[in-house]
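Only heavy atoms go into these numbers, but all of them, side chains included; no hydrogens, no water, no symmetry mates. Lettering follows sequence order; numbering is per chain, from 1.
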There are 2 protein chains.
Amino acid sequence: MLQEVFDAYSFVFEEELLEEISEVGILKEFKENEMIIAIGDSVSSMPLLLSGAIKILREDQDGDELLLYFLERGDTCAMTLSCCLGHAKSEIRAVAEMPTKLIMIPIEKMEEWISKYKSWRDFVFESYHSRLSEMLDTIDTIAFLNMDERLLKYLRDKAKINQNELVQTTHQQIAYDLHTSRVVISRLLKKLELKGTIALNRNSIEVIDL
Amino acid sequence: MLQEVFDAYSFVFEEELLEEISEVGILKEFKENEMIIAIGDSVSSMPLLLSGAIKILREDQDGDELLLYFLERGDTCAMTLSCCLGHAKSEIRAVAEMPTKLIMIPIEKMEEWISKYKSWRDFVFESYHSRLSEMLDTIDTIAFLNMDERLLKYLRDKAKINQNELVQTTHQQIAYDLHTSRVVISRLLKKLELKGTIALNRNSIEVIDL
DNA sequence: CCTATACAGTAACATTGGTTACACATTGAA
DNA sequence: TTCAATGTGTAACCAATGTTACTGTATAGG
């Protein structure tokens, strides 16, 4: 395990910390589309992503959902982190976007390391910083863009995360992520196809024109 | 100055830190509607609110704006804080919602204190936590609520901040804050008035039914 | 007092996005 | 092979929001 942690985080942490991480951290693996954390789950450890990607979703009381952002290798979830420090419950839902490995750090250690390791402290601040930026970006997207632009951004983000211009998903799934209806997505996708921006197939969309 | 800092933050910081704050902090005062920071301004110090309230706005490239949240006494701006640590430029605009006093802390001190004072570290984390929560709330609002519900929430928030059910503003200003048009706001306000939820006057709205 | 300006009310219309309904194709399981 | 479940295409309609245009009124400054 040490090797994997080392690969993903060596550019950030000193060796001593890396060893502590691999001592106390618990390795977990998730299959594609497996739920990692649900809204209301109590949070007692903090995840470090070793490989794969995670989709972070917000849900309202009616169960309507909205994609907030993706997490990748080397990221942690500042939302979870925030919950950890407040010993609170999760306000978001996390789903594995692809097969994903992560290492769970118990809260106590995470707090201890903040005093002990400067690199850890910097990492935690940097995480908060990234997450605030992502949230701002999400707000910009839903506040200032129309659905067609949001859809295109979604496809690009997803293509980037998967390092593949062939996005494997259904119209219904996109509709869930963007908090709209399947019909709207089908309609807009068709328009994009006519413009030559994408090519449509059952269960997949090819992003042609970035 | 020490007294004011003490009043606003004594429940958080130890005396030694409070004294450091009043030594290196620079007191600034802003009139109602005065701009505190603009998008793109470089951030070299971090504000602690002593009194008053600040409106935090996001702007897109066309100058369209959107209210993110309010800051009150005892708050700091984690966005600014985030910028400080990254030595970056402001991604938001801050405007005094009412006459406001704040104390500016130079970046160097703010970083130094993170190692030096646990209370400061906790305060900074707590700020990040609050800001993430506020951002989530903002996202919920624009993603899941209709304009009439957003308007009502806006009026309630504003009444709360001003501790006064008489909200002094214009339809145009509300439209800017909610990123919509004046006509839409006038229309919805009229509907709320007919329902007896509010009473309308020139330059002010009375929130009757919380 | 007079007048320019800001503020508010409202109608008519355009656009975007959401809903319902149905057709048809693909796929996997019985 | 057959059938049910899932995915997609599309029309028709509806609701929410945005736009344009015009009205009248309050207010501040000359």
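- Heavy-atom distances under 4.0 Å link DNA chain C to no residue of residues 57-65 of chain A.
- The phosphate of dG9(D) has OP1 or OP2 within less than 4.0 Å of a side-chain N or O from His171(A).
- Looking only at atom types and distance, the side chain of Thr197(A) has no donor-acceptor partner in the side chain of Glu193(A) under 3.5 Å away.
- For the atom pair CG (Leu102(B)) and CD1 (Ile36(B)), the distance works out to 5.5 Å, reported to the nearest 0.5 Å.
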For nucleotides 26-29 of chain C, print each protein N/O atom paired with a nucleotide N/O atom at under 3.5 Å, atom names and distance only.
residue: dT26(C); atom: O2; partner: Arg202(A); partner atom: NH2; Å: 3.2

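- Distance check: Arg121(B) CZ to Glu126(B) CD gives 15.0 Å after rounding to the nearest 0.5 Å.
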Table of protein N/O atoms under 3.5 Å from nucleotides 15-19 of chain C N/O atoms:
residue: dG17(C); atom: OP1; partner: Met147(A); partner atom: N; Å: 2.6
residue: dG18(C); atom: OP2; partner: Thr180(A); partner atom: OG1; Å: 2.3
residue: dG18(C); atom: N7; partner: Arg187(A); partner atom: NH2; Å: 2.9
residue: dG18(C); atom: O6; partner: Arg187(A); partner atom: NH1; Å: 3.1

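- Residues Ile21(B) and Tyr9(B) have side chains not in contact (no heavy-atom distance under 4.5 Å, counting atoms from C-beta outward).
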inquiry  = What verdict does the salt bridge (Lys or Arg N to Asp or Glu O under 4.0 Å) test give for Glu65(A) and Arg58(A), after you've listed the backbone C-alpha separation in whole Å, the side-chain angles of each residue and the deciding distance to 0.1 Å?
reply    = CA-CA 6 Å; Glu65(A) 56 178 56; Arg58(A) 179 74 170 153; over 6 Å; no
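- For the atom pair Met79(A) CE and Ile92(A) CD1, the distance stands at 6.5 Å (nearest 0.5 Å).
- To the nearest 0.5 angstrom, Ile142(B) atom CD1 is 9.5 Å from Thr141(A) atom OG1.
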key: Working for salt bridge (Lys or Arg N to Asp or Glu O under 4.0 Å), residues Lys55(A) and Asp177(A)   = CA-CA 10 Å; Lys55(A) 187 159 83 170; Asp177(A) 287 347; 3.2 Å; yes
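- Checking each of Met135(B), Arg131(B), Glu134(B) against Met135(A) for a side chain to side chain contact (heavy atoms under 4.5 Å, CB included) leaves exactly one that passes, namely Met135(B).
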